[in-house]
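Heads up, the thing below is written out as C-alpha cells.
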Amino acid sequence: MLSVDAQKAAAAGREVCDRLDAMAAELGKRYTLTLAFPGRMTEEQRLTWLINGAAPHRPPRPILTFNAFAQERVAEAVRVRFAESMLAGRVPSMLPVMTVAGYALKAVYVDRFAHSGGDVSLAPLSPRWLDRKRRRGLDLRIGRATGATAAAVEKAQVIVSRVK
C-alpha cells in the first residue's frame, strides 16, 4: 500500500514554485533579454519607432513592456519546465531558467503584436493612418501594416545575459 502525506507534498510543491518564481524574477534584475534581429536592421528600426513614437503624430506604444502580466507568464513557463525536476531534487542553473524565461517573454511580445497590444493599452491609430491602411489593404492592427516587424520579432533570437 502506498501512502502520501498530502500536506507535506503540497508544502514541497509550494516551496519549489516559490523558488522557481524567485529564479524567474531575476529576468529584468540580474539578467536582461535582448532580441537579436540578424540582417533586419530596418525592422529593428521600425520596432524602435513603434516603441518610442515620433512626434508629433506617432505616440509611443510600449509593446515591449515587462509588466506584471508578462512576469507571471515568465514565472509560469519556468514552473512548467522545471518544477518536476526540482521536486526530484535537481536544481537547474540560472542559464536554462533564464533561457526559458526569455522565450516566454518573447511569446508575450509576439502575442501583443497579434492583438494590438493585448494586455497593454496602446494609443489608437490616427484616423488618417487607419484610413490609409484600409485603402492600401494593409493589416489594421497596431504595428502590423505589412507584418514584417511582427514577423521579425517572432523570428528574433533570444539572448539572455547577466547584468554585471
Under 3.5 Å, which donor-acceptor pairs do the side chains of residues 71-79 form with other protein atoms, sequence neighbours left out?
| residue | atom | partner | partner atom | Å |
| --- | --- | --- | --- | --- |
| E72 | OE2 | R79 | NH2 | 2.7 |
| R79 | NH1 | D21 | OD1 | 2.5 |
| R79 | NH1 | D21 | OD2 | 3.2 |

With hydrophobic residues grouped by side-chain heavy-atom distances under 4.5 Å, do [X] and [Y] end up in a single group?
X    : Y    : answer
M98  : I159 : no
I63  : L130 : yes
V120 : I51  : yes
I142 : L140 : yes

With a 3.5 Å cut-off and sequence neighbours excluded, list the donor-acceptor pairs that the side chains of residues 23-34 form with protein atoms.
| residue | atom | partner | partner atom | Å |
| --- | --- | --- | --- | --- |
| E26 | OE1 | R30 | NE | 2.9 |
| T32 | OG1 | S161 | OG | 3.2 |

Worksheet item: Under the salt bridge (charged side-chain N to carboxylate O under 4.0 Å, His left out) rule, what pairs show up with a residue in residues 112-123, not counting sequence neighbours?
Response: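 The answer is R112-D119.
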
In Å, rounded to the nearest 0.5 Å, how long is the span from [atom1] of [X] to [atom2] of [Y]?
X    : Y    : atom1 : atom2 : value
Q157 : Y103 : CD    : OH    : 6.0 Å
L125 : R128 : CG    : CZ    : 13.5 Å
T48  : E44  : OG1   : CD    : 6.0 Å
Y109 : L64  : OH    : CG    : 5.5 Å

Practice prompt. Please list, chain by chain and in numerical order, all residues satisfying salt bridge (charged side-chain N to carboxylate O under 4.0 Å, His left out) with R134, sequence neighbours excluded.
Written response: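 So R134 forms no salt bridge (charged side-chain N to carboxylate O under 4.0 Å, His left out) with any residue.
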
Item to complete: Please confirm whether the backbone N or O of L35 pairs with a side-chain atom of K106, one donor and one acceptor, at under 3.5 Å?
Response: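 Absent.
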
Discussion item. Is there a side-chain contact between V153 and L47 in this structure, where contact means two heavy atoms from C-beta onward sitting under 4.5 Å apart?
Written reply: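 Yes, side chains in contact.
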
Practice prompt. Indicate yes or no: at least one non-hydrogen side-chain atom of P92 is less than 4.5 angstrom from one of V97.
Written response: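 The answer is yes, as the side chains (C-beta and beyond) meet within the 4.5 Å cut-off.
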
Fill in: Qualifying side chain to side chain donor-acceptor pair (under 3.5 Å) pairs, either residue in residues 137-152, two or more places apart
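Non-adjacent pairs meeting side chain to side chain donor-acceptor pair (under 3.5 Å): E43-T149, D139-R141.
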
Discussion item. Restricting to non-hydrogen atoms, name the atom on W129 and the atom on A145 that form the minimum distance, rounded to 0.1 Å.
Written reply: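 That would be CZ2-CB, 4.1 Å.
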
Worksheet item: Of all heavy-atom pairs between F113 and G143, which one has the smallest distance, and what is that distance?
Response: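 Between these two residues, the closest heavy atoms are CE2-O, 3.6 Å.
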
Discussion item. Quick test of your reading of the model: are R135 and D131 salt-bridged, counting only N-O distances below 4.0 Å?
Written reply: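 Salt bridge flag = yes for D131 with R135.
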
Practice prompt. Test R132 against L138 for side-chain contact (heavy atoms from CB on, under 4.5 Å), laying out the working first.
Written response: CA-CA 8 Å; R132 281 178 54 193; L138 300 173; over 6 Å; no

Fill in: With sequence neighbours excluded, residues passing side chain to side chain donor-acceptor pair (under 3.5 Å) with D111
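By the side chain to side chain donor-acceptor pair (under 3.5 Å) rule, D111 matches H115.
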
